[in-house]
Amino acid sequence: MCNPLFACNLRGSKAMDEKYFPEKIEEHWQKRWADEHAFEAQEDDPRPKFYTLEMLPYPSGFLHMGHVRNYSIGDALAWYKRLRGFNVLHPIGWDSFGQPAEQAAIKRGIQPRDWTEKNIAHMKGQMQRLGISYDWSREIAAHRPEYYKWDQWFFLKMLEMDLAYKRTSAVNWCPNEETVLSNEQSSGGICWRCGAAVTKKEIEQWYLRTTKYAEELVADIKEIEAGWPEKVLKRQRDWVGRREGAYIDFKVKGTSEKIRVFTTRIDTIFGATAIVVAAEHPVLANLLEDSILKDQIMAFADQVKAARAIKTEDLAEEEEKLGINTGQVAINPFNSELLPIWVANYVLMDYGAGAVMSVPAHDERDYEFAQKYTLAIRQVIAPVVHGQQSEPVDQAPGGDQSMEMKNAFTAYGVLVNSGEWSGLISQDAMREMANRAAEKGFGGPAVTYRLRDWGISRQRFWGAPIPVVYCPACGMVPVPEKDLPVLLPDNAQFTGTGESPLKGVPEFLNTTCPNCGKPATRETDTMDTFVDSSWYFFRYTDPRNDSMPFDRGVAAKWTPVDQYIGGDSHAVMHLIYTRFWNKVMRDLGLVDFNEPVKRLLTQGMVTNRVEGTNEYKAMSKSLGNGVDPDEMIEAFGADAARLFVLFAAPVENELRWSESGIEGAVRFLRRVWTMVYRWRPGYAGLRPAERAGGVRTDFSEAARVLRRKTHQTIARVTDDFEKLDLNTNVAALMELLNAIGDFNAEAANASASDAFAVREAIEALVVMLAPFSPHAAEEMWEGLGHQTSLLKSATWPIADPELAKKDELEIPVQVNGKLRSRVVVAPDISETDLRTIALADAKVQSFIDGHKIVKVIVVPQRLVNVVVK
RNA sequence: GCGAAAGUGGCGGAAUUGGCAGACGCGCCAGACUUAGGAUCUGGUACCGAAAGGUGUGGGGGUUCGAGUCCCCCCUUUCGCACCA
């Protein structure tokens, strides 16, 4: 029967099901959230903003578990921040241009647009069944003209800023089908369709000058390093590859030619025994003009180039070093020594200056090369002997040490055999010698970067058309802004062979020159899809703007992104390009900060056991170890799937899929549900006066213990959310549930203070569960008698430190570092009292009996260690 | 080869950053309820030992009253880079 305190009038609360039926409540709340526009962000909301973002998915057609993990993390954060009173922007969209749509067109004759839209519709349904709290009113898709118009707009701006340009470069080419291949399509050096050997072909392509921002891309890392994983930043630093060194110009004897080399070790220049240039080096043609060796050397250079063309990215093992002496000699400007000029395959044209000074004594590659071609090896750096001044041993200049040196000595040291520079240490010599080169005009300090310009041309259909026109009279003419977007045609032929499908659509190809009005043809290259993903999260802030990519002021309210979440496979490309794009937008006056993303979280992979083995590998179709999110939702519910994914491992770790693990998550939700159900009449019946129970003083010991656990849990969960330690967070909620279960009271006859303690615990638990399992949390919140949904009537609970405080402490007592006993004391006990109590403990006594106490270490609130002899 | 990160029960993982190792969950064991249970509930579960006690965070050494945590050497795994002058 009803306890009179908790009158059975439920004050209008909806009857709660006795059992947890995920499919029923999930559908109900998904609809209700949509009807209430619960997750739509308004920029005039006065609360502080929080922008949480998950990486834009490619609409392959099916969500995989990696997505589920990604979105579950982001959604937990979004819910948490909302409940903490933030105005949260949590949008989603589609990276919907790209190769697979075109391959589907080739294989199955379906238009890329239809294939893509169908996939989006399906995946959107899956996301909604997961109940991710996206603001769907801001949804965007890269392949729609309203979006790619602005890709084109940015391209025109970059053209004006001289950040976009065209030059020839090599692409993977299938000679059989006469078509350009992507790296994936040419993997292993053979064409994915016909198996022909892939070659390289030089074609004209569009580039963006990322190198212009190389320095900033490194330097600005300091602005984000607090919020980005170090492993990502390291890869970005390596990608940009900033190196300090010097340029030196070597005159070619008997000509007016100079060969410029870059070196990071100018201190070794007296050890240079050759100049080595890349096969593509332009100086070669002039150098060999009158040489009898010309044909032979050019043949060698061609052979190197050809070998490089065949070499594909995934066969990047080191090749044998090959070279040929040109017969010409260069003059070392530091000592006027004559050095033979070689051509070799290990020198790359597109790094540094395309030529190096070969210092075999102090560079491993040069050493290997010199050994092979019996070039002189001369040591000019000696190790610094620790603790004593090392003696510069000068040997006769030109002395060859090929026999003595078994390895290159690549460390810094002290200069020997280096004329006036001998005796200096490397670091000083590098600086002073570079300055000398600058004074004398044959070089100077220099910085180079590994970063290259970003090639954005794709000879494909399914991308944003590059908005330029080629006119026989006016040349290359940008499409005027007012004529954007340059629309993709509705139909094209997809054969997978021959030229880009756009070339076969006359209505697209043929146009008039914006300049002179005469017939002209359009550029048929489309843009790399990394263009779309470089700025999409700005578009979310102002997704329907039709006069600008986004409004400066509106974007400024939301950006930069507070938390970005995605896989670390994007550590370099996407995340470098988007940083680059941000800097361009800054220079265009669209944003006023240097870095678009404050905090980055890289989630780990989701793996599953490969059937018949004990190995866990990333889920994939080919391995047959994939898990379908829809099946999971059907079997266990979205809430349990999400809860498990967040609980099973720290977000950065690999996540091993486990069917029994997700069953555990369902069990937990059921237990919470049952607990809420059991105490439901109590809550509903409590009068407002009793709800203000914080002032009550009549709590039993057990109730105080429960309240302590409640407030400790609130503090812990809140803290862990800031660190995104979601797995320990779920564990804390489980502990709280266990504590409620341990509390020995029945709803039907509990005292008011007991009921208060339980209600406090359950309400906190339900609210804190919302980020993990929002549907169940909403339903239980309602079941607790609340009239409106969580975001309208709940706030994140606040921990009361007084209530969280323990009223006694169990202090471990060690003897010689070994745990021997525990003593129970008041938390504010003095050090001396704690020491006395510990020493008086009977068990401790038995261990120190007969020994001499050497020392007693007392760590307040923590432990006592008695050291005896 | 170079660089980075990581090695804790049968498994995923905790450990307030130098202070009770193994939270929480999975699995397993026992019991209860049940015609039955792959449901639910209760209890147990690092290892050795009957117990007292001992051992234990990849291996070895060190610092410290005290080490999963700090230092040195080694082993293993994962990831990244791969002629970048």
Side-chain angles (χ1 to χ4, degrees), chain A residues 229-232 234-235 238-239 241-243 245-246 261-266 268 272 276 278 308 313 316-321 344-359 362-366 368-369 410 448-452 568-569 571-572 604-605 614 616 643-644 647-650 652-665 667-668 670-671 674 712 715-716 719 725 727-738 741 810-822 846 854-868:
Chain A
E230 183 50 40
K231 63 177 176 181
V232 172
K234 186 192 179 295
R235 287 185 64 188
D238 290 350
W239 187 265
R242 182 185 195 276
R243 298 285 288 181
V261 306
F262 175 74
T263 178
T264 54
R265 292 298 303 273
I266 192 174
T268 65
V276 186
R308 206 165 282 164
E313 274 72 10
E317 72 218 38
E318 205 161 303
E319 277 178 295
E320 193 191 356
K321 290 182 178 47
N345 62 346
Y346 77 96
V347 177
L348 308 173
M349 191 60 222
D350 46 15
Y351 182 80
V356 301
M357 60 181 201
S358 176
V359 186
H362 303 293
D363 181 285
E364 276 163 20
R365 295 149 304 179
D366 293 340
E368 198 189 315
F369 190 69
T410 58
T448 61
Y449 302 89
R450 201 195 77 130
L451 183 76
R452 321 234 170 108
D568 63 3
S569 52
V572 278
M605 277 193 314
N614 255 336
Y616 280 82
L643 185 74
F644 168 68
F647 173 61
E652 307 235 12
N653 281 25
E654 170 189 336
L655 171 74
R656 295 186 163 197
W657 189 254
S658 147
E659 190 97 358
S660 47
I662 193 170
E663 282 165 13
R667 210 167 326 179
F668 168 68
R670 267 206 292 261
R671 290 173 59 217
T674 304
Q712 285 171 344
R716 186 173 152 194
D719 200 46
D725 285 345
N727 58 323
T728 53
N729 244 337
V730 178
L733 296 181
M734 290 172 169
E735 282 185 46
L736 179 57
L737 175 68
N738 292 343
E810 200 182 47
I811 303 287
V813 184
Q814 302 177 333
V815 176
N816 284 347
K818 290 195 173 170
L819 179 68
R820 294 305 184 188
S821 184
R822 296 187 170 91
S846 73
V854 179
K855 198 198 257 187
V856 180
I857 307 217
V858 179
V859 185
Q861 322 247 322
R862 277 284 166 75
L863 130 164
V864 177
N865 188 11
V866 184
V867 186
V868 298

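Sequence lines set the chain letters: A, B, ... in the order given, protein chains first and strands last, and positions in each chain run from 1. Nothing here was measured: the structure is a model prediction, and the numbers come from that model.
Heavy atoms only, all atoms of each residue included: V356(A) and V261(A) are closest at C-CG1, 3.7 Å.
Listed candidates were A85(B), C20(B), G25(B). Nearest to the side chain of R822(A) is C20(B). Which of A23(B), C83(B), A14(B) sits closest to the side chain of K321(A) comes down to C83(B). Out of U16(B), U40(B), G13(B), the shortest distance to the side chain of R670(A) is found at U40(B). When each of A85(B), G80(B), C24(B) is scored by its nearest atom to the side-chain atoms of A731(A), the top-ranked nucleotide is C24(B). Listed candidates were C24(B), C20(B), G13(B). Nearest to the side chain of L863(A) is C20(B). Residue L348(A) places its side chain closer to A85(B) than to any other of G19(B), C24(B), A85(B).
Between K234(A) and A4(B) there is no side-chain N or O to OP1 or OP2 distance below 4.0 Å. At the phosphate of G25(B), OP1 or OP2 sits under 4.0 Å from a side-chain N or O atom of N738(A). Distances shown here put a side-chain N or O of R450(A) below 4.0 Å from the OP1 or OP2 atom of A82(B). Taking 4.0 angstrom as the limit, K818(A) places a side-chain polar atom (N or O) nearer than this to OP1 or OP2 of U55(B). OP1 or OP2 of G54(B) sits under 4.0 Å from a side-chain N or O of R820(A). Taking 4.0 angstrom as the limit, N345(A) places none of its side-chain polar atoms (N or O) nearer than this to OP1 or OP2 of C83(B). Listed pair R656(A) / C11(B) fails the phosphate criterion, with no side-chain N or O lying under 4.0 Å from OP1 or OP2.
The distance from atom CZ of R671(A) to atom P of C26(B) is 8 Å, rounded to the nearest whole Å. Rounded to whole Å, the distance from CD on E368(A) to C1' on G1(B) is 12 Å. One interatomic measurement links the two molecules: CG of N816(A) to C1' of A67(B), which rounds to 16 Å at whole-angstrom precision. Rounded to an integer number of Å, the gap from CG of N653(A) to P of A5(B) is 15 Å. Here the C1' atom of nucleotide G19(B) and the CD atom of Q861(A) are 13 Å apart, to the nearest Å. Between the P atom of A85(B) and the NE2 atom of H362(A) lies a distance of 17 Å, rounded to the nearest Å. One atom, CD of Q814(A), and another, P of A21(B), lie 7 Å apart when rounded to the nearest Å. Between E659(A) atom CD and G12(B) atom P there is a gap of 18 Å when expressed in whole angstrom units.
Nucleotides G22(B) and U16(B) are separated by 13 Å at their P atoms, to the nearest Å. When the P atom is compared between A85(B) and G9(B), the two are found 42 Å apart, to the nearest whole Å. Taking atom C1' on both nucleotides, A6(B) is separated from U69(B) by 14 Å, rounded to a whole Å. Rounded to whole Å, the separation between the P atoms of G66(B) and A51(B) comes to 30 Å. Taking atom P in both A5(B) and C70(B), the straight-line distance is 12 Å, to the nearest Å.
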Taking it one step at a time, do R265(A) and D363(A) satisfy salt bridge (charged side-chain N to carboxylate O under 4.0 Å, His left out)?
CA-CA 9 Å; R265(A) 292 298 303 273; D363(A) 181 285; over 6 Å; no
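Across all strands shown, A6(B) is found opposite U76(B) as a Watson-Crick or G-U wobble partner, with both distances under 3.5 Å. Across every strand in view, A15(B) sits unpaired, with no contact that passes the Watson-Crick or G-U test at under 3.5 angstrom. Pairing partner, A50(B): none, since no Watson-Crick or wobble contact has both distances short of 3.5 Å. With both pairing distances under 3.5 Å, U69(B) is matched to nothing as a Watson-Crick or G-U wobble pair.
Map D568(A) and T448(A) each onto its nearest nucleotide of RNA chain B; the residue landing nearer the 5' end is D568(A). The residue among R243(A) and N865(A) whose nearest nucleotide of RNA chain B is located toward the 5' end is N865(A).
Using a 4.0 Å heavy-atom distance criterion, G241(A) is classed as making no nucleic acid contact. Nucleic acid contact class of R862(A) (heavy atoms, under 4.0 Å, all strands): base. Note on E654(A): only backbone sugar-phosphate atoms sit closer than 4.0 angstrom, heavy atoms only; bases stay farther off. Within the nucleic acid shown, R667(A) comes within 4.0 Å of sugar-phosphate atoms alone, with no base atom in reach, counting heavy atoms only. As judged by a 4.0 angstrom heavy-atom cut-off over every strand, V347(A) is placed among the base-contacting residues. The residue V867(A) sits close only to the backbone: its heavy atoms come under 4.0 Å of sugar-phosphate atoms, none of a base.
For the 3.5 Å distance criterion, the side chains of R716(A) and N729(A) fail to qualify, holding no donor opposite an acceptor.
A donor-acceptor contact shorter than 3.5 Å links the side chain of N345(A) to the backbone of E320(A).
Base orientation of G68(B): anti (glycosidic angle beyond 90° from 0).
Within the cation-pi definition used here (under 6.0 Å to the ring centroid, within 45° of the axis), K321(A) qualifies as a partner of Y346(A).
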